[in-house]
Amino acid sequence: MAQDIAKLCYELYKIDWMRRISADRQIDAYKDWYEEEYEPHVSTIPNAYTGEAEPYYDGLTFENWIEEFGYDGDIYVSYEEFLDTEYQNEEYIRGLLDNAALYLRYLREVAA
């Protein structure tokens with residue numbers, strides 16, 4: 001249960017971090033992923049039931065590609081780094097959670 005609050009904080013941190021990435025940069029990154037990752041890794045295979053060709057993709061998902069390459073090299077920190085840095089900043093976490101009960105659970109977790 002204690003790790004649940006840390007995971008919640010990390011997911012909220014990623015959303016908060018993404019506020020700095022404009023919609024245009026997100027769109028450009030998606031187009032880059034499509035051209036650089038998707039197109040080279042998609043092929044067609046026959047459907048065993050219908051015999052029709054269907055697309056088959058064996059590359060990175062957009063989410064995994066972003067975690068590897070970021071938005072022009074910018075990306076939120078890993079979970080482990082988050083636990084060592086942002087998660088230790090009580091003021092930041094209080095604002096991120098914006099909920100007294102969740103913040104109390106966080107304080108209990110970091111005090112343990």
Side-chain angles (χ1 to χ4, degrees):
M1 179 96 134
Q3 285 186 334
D4 291 343
I5 198 72
K7 289 178 182 174
L8 170 65
C9 289
Y10 183 62
E11 294 304 318
L12 294 174
Y13 153 76
K14 291 192 302 185
I15 293 168
D16 184 51
W17 187 92
M18 285 295 298
R19 291 180 190 180
R20 294 182 271 159
I21 305 299
S22 71
D24 288 341
R25 277 182 80 189
Q26 291 180 52
I27 288 169
D28 288 344
Y30 201 86
K31 289 186 283 187
D32 290 344
W33 166 80
Y34 186 84
E35 291 178 334
E36 297 170 20
E37 180 67 23
Y38 181 79
E39 286 184 325
H41 290 98
V42 70
S43 57
T44 54
I45 59 171
N47 181 308
Y49 299 104
T50 65
E52 294 181 22
E54 294 186 355
Y56 173 75
Y57 178 66
D58 65 352
L60 294 173
T61 64
F62 176 70
E63 291 76 17
N64 290 351
W65 188 80
I66 280 295
E67 287 180 3
E68 186 169 330
F69 300 104
Y71 295 92
D72 301 320
D74 293 334
I75 193 62
Y76 42 80
V77 300
S78 69
Y79 180 67
E80 292 76 20
E81 188 175 341
F82 168 80
L83 292 177
D84 291 339
T85 54
E86 287 85 353
Y87 192 64
Q88 302 305 315
N89 182 334
E90 292 180 7
E91 291 299 315
Y92 175 71
I93 297 298
R94 180 186 353 213
L96 199 59
L97 290 172
D98 193 28
N99 176 295
L102 291 174
Y103 184 63
L104 182 59
R105 285 175 49 195
Y106 159 77
L107 291 174
R108 287 185 190 135
E109 162 64 18
V110 294

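Not measured: the values here are computed from a predicted model. All heavy atoms count here, side chains included; hydrogens, waters and symmetry mates do not.
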Exercise for review: Test salt bridge (Lys or Arg N to Asp or Glu O under 4.0 Å) on K31 and D28 and set out the steps.
Suggested key: CA-CA 5 Å; K31 289 186 283 187; D28 288 344; 3.5 Å; yes
Exercise for review: Begin from the C-alpha positions of E36 and W65 and carry the test side chain to side chain contact (heavy atoms under 4.5 Å, CB included) through to its verdict.
Suggested key: CA-CA 10 Å; E36 297 170 20; W65 188 80; 3.6 Å; yes
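Note that CZ of R105 and CD1 of I5 are 4.5 Å apart. Values are rounded to the nearest 0.5 Å. Rounding to the nearest 0.5 Å gives a distance of 11.0 Å between CG of L97 and CG of L104. Residue L60 holds its CG atom at 10.0 Å from CD of E67, rounded to the nearest 0.5 Å. To the nearest 0.5 Å, the span separating CG on L102 from CG on L107 amounts to 11.0 Å. Atoms CG and CD, on L12 and E86 in that order, are 13.0 Å from each other to the nearest 0.5 Å. Taken from CD1 in I75 to CE in M18, the straight-line distance is 7.0 Å, to the nearest 0.5 Å.
Contact check on R19 versus D16 returns a salt bridge, with a Lys/Arg side-chain nitrogen under 4.0 Å from an Asp/Glu carboxylate oxygen.
Within the 3.5 Å criterion, the main-chain N or O of Y71 finds a donor-acceptor partner in the side chain of R25. Put simply, the side chain of Q88 gets close to the backbone of L83: a donor and an acceptor are under 3.5 Å apart. Although no hydrogens or angles enter the test, the distance criterion places a donor-acceptor pair under 3.5 Å between the side chain of Q26 and the main chain of I21.
Checked against salt bridge (charged side-chain N to carboxylate O under 4.0 Å, His left out), E39 has no partners two or more places apart in sequence or in another chain. Under the side chain to side chain donor-acceptor pair (under 3.5 Å) criterion, E37 pairs with H41, not counting sequence neighbours. Not counting sequence neighbours, E90 has no partner by the side chain to side chain donor-acceptor pair (under 3.5 Å) test.
Residue Y13 forms a ring pair (Phe, Tyr, Trp, His ring centres under 6.0 Å) with just one option from F82, Y87, Y79, and that option is F82.
I15 and V77 are members of different hydrophobic clusters when ILVMFWY side chains are connected at heavy-atom separations under 4.5 Å.
Nearest approach of P46 to G51, heavy atoms of both residues: CB-O, 4.2 Å. In plain terms, the two heavy atoms of C9 and L96 that are nearest each other are O-CD2, 3.5 Å.
The aromatic rings of F62 and Y30 lie tilted to each other, with the angle between the two planes from 30° to 60°. Ring geometry for Y38 versus W33: interplanar angle of 30 to 60°, hence tilted.
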